[in-house]
Q: 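Dropping the structure in here first, questions after.
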Amino acid sequence: MRRTIPLILTFCVGMYPIFAFFVPHRVVTNINQNLDTYLVIVAAFALPLGVVNLVMSNINKIKKKDKGWFYSVVLIAGLCLMAFYGIMGGDQGFHAHFQWMFENAVSPLQATMFSLLAFYVASAAYRAFRARNVEATVLLIAAIVVMLGRIPIGDMITGGRLTPISEWLMTKPNAAAQRGIIIGAALGAASMQIRVILGIEQTYLGSGKD
Amino acid sequence: MAPFGIPIGVWINAFLTICILSFLYKDNPFFRFAESLFAGMSLGYYIGIVTENTLKPNLFRPMINDFWGNHNFLLVIPMILGVMLYFRYIRKIAWLARIALAVYIGYYVGVYLMQKLHGDILFQARDTIVPLTMGGIEAVWNVVIIVGVFSVLVYFYFSAEHKGALGRVSRVGIWFLMISFGASFGYTIMARISLLMGRFSFLVNTWVRPMISG
Amino acid sequence: MKIQKLLYIDRRIIYLLVAIGALIPIIRPIGLPVVPSAPVQGLFERVEELEPGDAVMLSFDYGPSSEPELNPMSAAIMRHLFMREVRVMVVAIFPLGGVQIAIREVARITSEFDLEYGVDYVNLGYKDGGQAPMKAMGVSIQDVFPADVETTPTEGMPIVEDVRNYGDIEVVITLATGIIGEWWANLVNAQFGVDVAVGCTAVSAPKYYAYLRSGQMIQRGLQ
Amino acid sequence: MRTSCLVIISIVLVLAAGGAWSQGMSGFPATELRAVDTPSDGGGSIDLEWEGEGLQFVLIMRATSPGGEFETIGDAIASDGSYTDMRLDDQTDYYYRLAYPAGEDTLLGAVAGPAQSKTNWFRSYRKNALVLTALMFILVISYVTQARKGKRLFIRRISGLSAIDEAVGRATEMGRKILYIPGILSLSEIQTIASLSILQHVSKLTAVYGTDIEVPNKDPLVFSAARETVKQAYMEAGRPDQFKEEMVTYLTYDQFAYAASVTAKMVRERPATNFLIGSFFAESLILAETGQSIGAIQIAGTADIPQLPFFVTACDYTLLGEELYAASAYLSKEPVLLGSIKAQDVVKAIIMVTVGAGIVILAFGSNIVRDVLFTR
């Protein structure tokens, strides 16, 4: 019963958007509309689940004076400061301090973390040179052609000959392969989604046979 | 506060940027500081925008301002479902948390199912039906597309061992996949470098240059 | 043997080379020509077809991390739209930073024009839930955004009263990282039939070529 | 704003019409106006159609009684032959007529109507999607029933899956931990659910071998579901005592802050094996390259196509797209789940046959298969 009720609910709630997809009637779309906005609110309620876990584990580290406890202090301080001004809000939308901290701390941290990819892309590409099988070589050649075809310097070196080839690679073999993966992945997802709706797949419900 | 005539915000910005970049050499206390600060602040940021942009306008304000009007009383339903998520920590009623989860997952599974079957499969399948009779090089390229789509789909066929003819076709599929992965990779490299240049440009032009030129 | 050794050098040397490569053009800028690609031309022409008073939805679906790639794109598109006297509804679906960038960029560009807030453009702000608000806007935009980014009620704003759902919108333009552009294509375009233009980061572009071919998108982005 | 627009449009129209008039075009450019409810919609809208020629503008006028006052509601080009009037009230009679501003006068067309808009019960243009959905459901149910009855279904080995057991074994030998990253999207994403079912298999193995596992999370809902999943796996493996709450942790909601914390964890704790299974975006390569640099065995799996190239170059095994979903069914070794893989293979074959037939038929000049697949 403790498992059956959730499974029945998954089925009913899961079938509803499918039904609404085919039925334009107002009665149907109105309920669907409500579900959309409601679930956003449910998801918002989930946030404290994670926050509490993070805060508790860091407070424990501080209490036990674990190695690196100082960093836990930094983490909690950052969290409190940001959340405080975030919840306070301002007269018009966000609090000014909230905006300022976002622009000068969160934003550069995000951007720099993202920019590390430049280095990682290079080292991953470099490693591909060591690969000794045919597939990796094909990958590497396609990568070089497209890269050179996309940058002005590549055009200068090759006299513009690579641009059409790289455009061809993108629009023909690449688009074909992408389409194959899209169709395959959509089928895989659909069959998994049907398993969930029908209650065949229920790992996500977690523990307890009860 | 503006040391060397540069706003304090720029100093913080530059300091944190360098802290993160230092990780490339090796893990160090500066990186660890920035990483912890980042984890904390980003979570705090999210708490802020969820409150300000979702909870306040879509839940609290409508309920407080006009509870009975505009069907606002129905907002009690998502609130109860949201609270149910926490029942997981109370042993006796822990199973009730599953109800909220079941509704949440069930709904999205249904929505996405239609999106995959309708938005992905129908559109992509229809567009693979390309003409071959127009002659010239375009017809050849259309053959390339058809072969590509079919061979990749054969690669993803699980019901038979990939031997003989099937094995050869799926091999062609792997080649198409590798060309596509390579092309994507090559397409991305320069954009990634440009992200890094964005950071460097900040460090050089916004932070260092004004300091030197006073 | 020497080549073998070269293949196994410390990755930090590669990092150093990348860093130098990226620094040089900043310290000593070198001018290189930029040629627009065909899909970019596609969006340009689509915007040219718009008439004054038509409505466009512009969604900021990227965070600060993608700013170097997408800010120039959003600025160019906004200028083009306002020059055509098109009404613009700004939203943000991407959770982290999208709305902050929207506030800053919209303020920056609109200050260059003589525009009336709530009439010629509106910034509705961020809504959580990804596909949920996207779908819900197919029925009513005002229900999804009862208030704008500055918490002013949208009720009574001419643009919001006038543009009720996708039916009243000519083109949805999203500047997107990750999966969000795809959502606009296979949800909003496929189910509501409104044109979707995606300005995306390079990493997503190869996949979008498949959508572009199937007519689900008009373009993929300035590069 | 609207009225001023209308005024401007009207002026332009009058001028344009004047120009047309002066060029000697006369007569009413659009005839046989019909008004009907827009099919397959949620109501509030009426379709107008007429026979028309030429590029002249016609004004569309509406009233609620045939003799009532007609108000201009929009305009169209005569040769377009159609217009959709939206935002109407259902169950109200509407009458329409076209007007053609010719010079000083306005010519009026015949009145059409009454027409009522109504809300419909089926989107007929989605018949094909309905067939596809029904087919998918029927096939999954029928193969699953066959499997339940004990029919053996053949599914080929998926490479990368045997690697999962190997990778857990290696971590055990080395006495180091396993890091399992379930992607960065919430439970609304089906890949995350697939990842959780693979996590269940992996944590059963770690329970049996006594290997340490850690699952850091970005999404709070996934965090709580993953904790239940791991706990359940340890119970099923008969080692509930070995399960620790710290095995599943929450880090932060930001994509890159999460990437920073996880890479730091990799470098500091040096796991022997990394699983990167679920939905990934730009952080994919940050995680995979760092994992590569510490020499961990890495098994990745995602259906986020843009990230596949990065996983392929930086990981030892990658489950590509559909393989991810198949893997989660395959690993459970339950015949019931295998049935659903069979179903997706059959649909795949049907799609290939349909597309193939479409290409052949198109070569003979008929667009019929493309038309059948058309939808919106």
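Fair warning: this is a prediction, and the values are worked out from it, not measured in the lab. Below, chains carry the letters A, B, ... as their sequence lines are ordered, and counting in each starts from 1.
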Q: List the atom pairs, with distances to 0.1 Å, where a side-chain N or O of residues 38-57 of chain A and a protein N or O form a donor-acceptor pair under 3.5 Å, not counting sequence neighbours.
A:
residue	atom	partner	partner atom	Å
A/N53	OD1	D/Y250	N	3.1
A/S57	OG	A/L54	O	3.2

Q: Which one wins on heavy-atom pair count under 4.5 Å against chain A: B/L101, B/I105, B/V10, B/V50?
A: B/I105

Q: To the nearest 0.5 Å, tell me how far A/Q193 CD sits from B/L117 CG.
A: 7.5 Å

Q: Might you point out which heavy atoms bring B/A39 and A/L75 nearest each other, and give the distance in Å?
A: CB-CD1, 3.9 Å

Q: By a 4.5 Å heavy-atom criterion (distance strictly below it), what part of B/F150 contacts chain A: side chain, backbone, both, or neither?
A: neither

Q: Enter the distance from A/F114:CZ to B/R192:CZ here, rounded to the nearest 0.5 Å.
A: 4.0 Å

Q: So, taking the atom named CZ in A/R179 and the one named CD in B/Q124, what distance separates them when rounded to the nearest 0.5 Å?
A: 5.0 Å

Q: In terms of heavy-atom pairs under 4.5 Å with chain A, which of B/F156, B/Y104, B/F15, B/W141 leads?
A: B/W141

Q: If we define contacts as heavy-atom pairs under 4.5 Å, which of B/P29, B/G198, B/A100 has the most with chain A?
A: B/P29

Q: Which answer fits B/T17, side chain, backbone, both or neither, if we ask what part of it has an atom under 4.5 Å from a heavy atom of chain A?
A: both

Q: If you count heavy-atom pairs under 4.5 Å between each of B/N13, B/T51, B/V152 and chain A, which one has the most?
A: B/N13

Q: Top residue by heavy-atom pair count (under 4.5 Å) with chain B, among A/T112, A/I183, A/V196, A/L140?
A: A/T112

Q: Report which part of B/S151 has an atom under 4.5 Å of a heavy atom belonging to chain A: side chain, backbone, both, or neither.
A: neither

Q: Against chain A, work out which of B/F181, B/W175, B/Y86, B/F176 has the most heavy-atom pairs shorter than 4.5 Å and name it.
A: B/Y86

Q: Relative to chain A, which segment of B/I146 carries a heavy atom at a distance below 4.5 Å: side chain, backbone, both, or neither?
A: neither

Q: Please state whether the side chain, the backbone, both or neither of B/L75 comes within less than 4.5 Å of a heavy atom of chain A.
A: both

Q: Excluding sequence neighbours, so at least two apart, what forms salt bridge (Lys or Arg N to Asp or Glu O under 4.0 Å) with B/E35?
A: D/R268

Q: Heavy-atom cut-off 4.5 Å, strictly under: side chain, backbone, both or neither for B/L55 against chain A?
A: side chain

Q: Only pairs of heavy atoms separated by less than 4.5 Å count here; which of B/M197, B/Q115, B/R32 has the most with chain A?
A: B/R32

Q: Could you grab the distance from atom OH of B/Y187 to atom CE of A/M170, nearest 0.5 Å is fine?
A: 5.0 Å

Q: Measure B/V147 against the heavy atoms of chain A and call it side chain, backbone, both or neither at under 4.5 Å.
A: neither

Q: Working to the nearest 0.5 angstrom, can you tell me the gap between A/M113 CE and B/L16 CG?
A: 13.0 Å

Q: Using a cut-off of under 4.5 Å for heavy-atom pairs, which of A/I144, A/V73, A/L9, A/L148 has the most such pairs with chain B?
A: A/L9

Q: Determine whether A/N104 and B/I8 make a side-chain contact, defined as any pair of heavy atoms from C-beta on separated by less than 4.5 Å.
A: no

Q: Where does A/F119 contact chain B at under 4.5 Å (heavy atoms): side chain, backbone, both or neither?
A: side chain

Q: Between B/V111 and chain A, which part of the residue has a heavy atom less than 4.5 Å away: side chain, backbone, both or neither?
A: both

Q: Contact between A/F22 and B/M114 at the side-chain level, heavy atoms closer than 4.5 Å - yes or no?
A: yes

Q: If you count every heavy atom of other residues, nucleotides or ligands that lies below 6.0 Å from B/F67 atom CZ, does the total exceed 12?
A: yes

Q: Any side-chain heavy atom of A/V146 within less than 4.5 Å of one from B/F185?
A: no

Q: Given heavy-atom pairs under 4.5 angstrom as the criterion, report whether the side chain, backbone, both or neither of B/I174 touches chain A.
A: side chain

Q: Nearest 0.5 Å please: distance from the CG atom of A/L79 over to the OH atom of B/Y46.
A: 14.5 Å

Q: Determine the option with the most heavy-atom pairs under 4.5 angstrom with chain B, choosing from A/I181, A/I194, A/V145, A/L187.
A: A/I181

Q: Looking only at heavy atoms, which two atoms of B/Y107 and A/P17 are closest? And how far apart?
A: O-CG, 3.5 Å

Q: Only pairs of heavy atoms separated by less than 4.5 Å count here; which of A/V138, A/I5, A/I76, A/I141 has the most with chain B?
A: A/V138

Q: Does the side chain to side chain contact (heavy atoms under 4.5 Å, CB included) test come out yes or no for A/W100 and B/I12, once each step is laid out?
A: CA-CA 11 Å; A/W100 191 88; B/I12 297 176; 3.7 Å; yes

Q: Could you tell me which portion of B/I179 (side chain, backbone, both or neither) has an atom closer than 4.5 angstrom to a non-hydrogen atom of chain A?
A: both

Q: Flag the one option from A/L81, A/L109, A/T10 with the top tally of heavy-atom pairs under 4.5 Å to chain B.
A: A/L109

Q: When you compare the side chain of B/F38 with that of A/Q110, does any pair of heavy atoms fall below 4.5 Å?
A: yes

Q: Could you tell me which non-hydrogen atom of A/N174 sits nearest to which non-hydrogen atom of B/S184, and how far apart they are?
A: OD1-OG, 4.1 Å

Q: Can you tell which part of A/A125 gets under 4.5 Å to a heavy atom of chain B, answering side chain, backbone, both or neither?
A: both

Q: Which atoms form the tightest heavy-atom contact between A/G180 and B/L153, and what is the distance?
A: O-CD2, 3.7 Å

Q: Between B/L43 and chain A, with a heavy-atom cut-off of 4.5 Å, which part of the residue counts as in contact: side chain, backbone, both or neither?
A: both

Q: For a quick test of reading the model, state the closest non-hydrogen atom pair linking A/I87 to B/E52 and the distance between them.
A: O-OE1, 4.3 Å

Q: Between A/Y120 and chain B, with a heavy-atom cut-off of 4.5 Å, which part of the residue counts as in contact: side chain, backbone, both or neither?
A: side chain

Q: For a quick test of reading the model, state the closest non-hydrogen atom pair linking A/F98 to B/Y45 and the distance between them.
A: CZ-CD1, 3.5 Å

Q: Between A/A189, A/A177, A/A118, A/P108, which residue shows the highest count of heavy-atom pairs closer than 4.5 Å to chain B?
A: A/P108

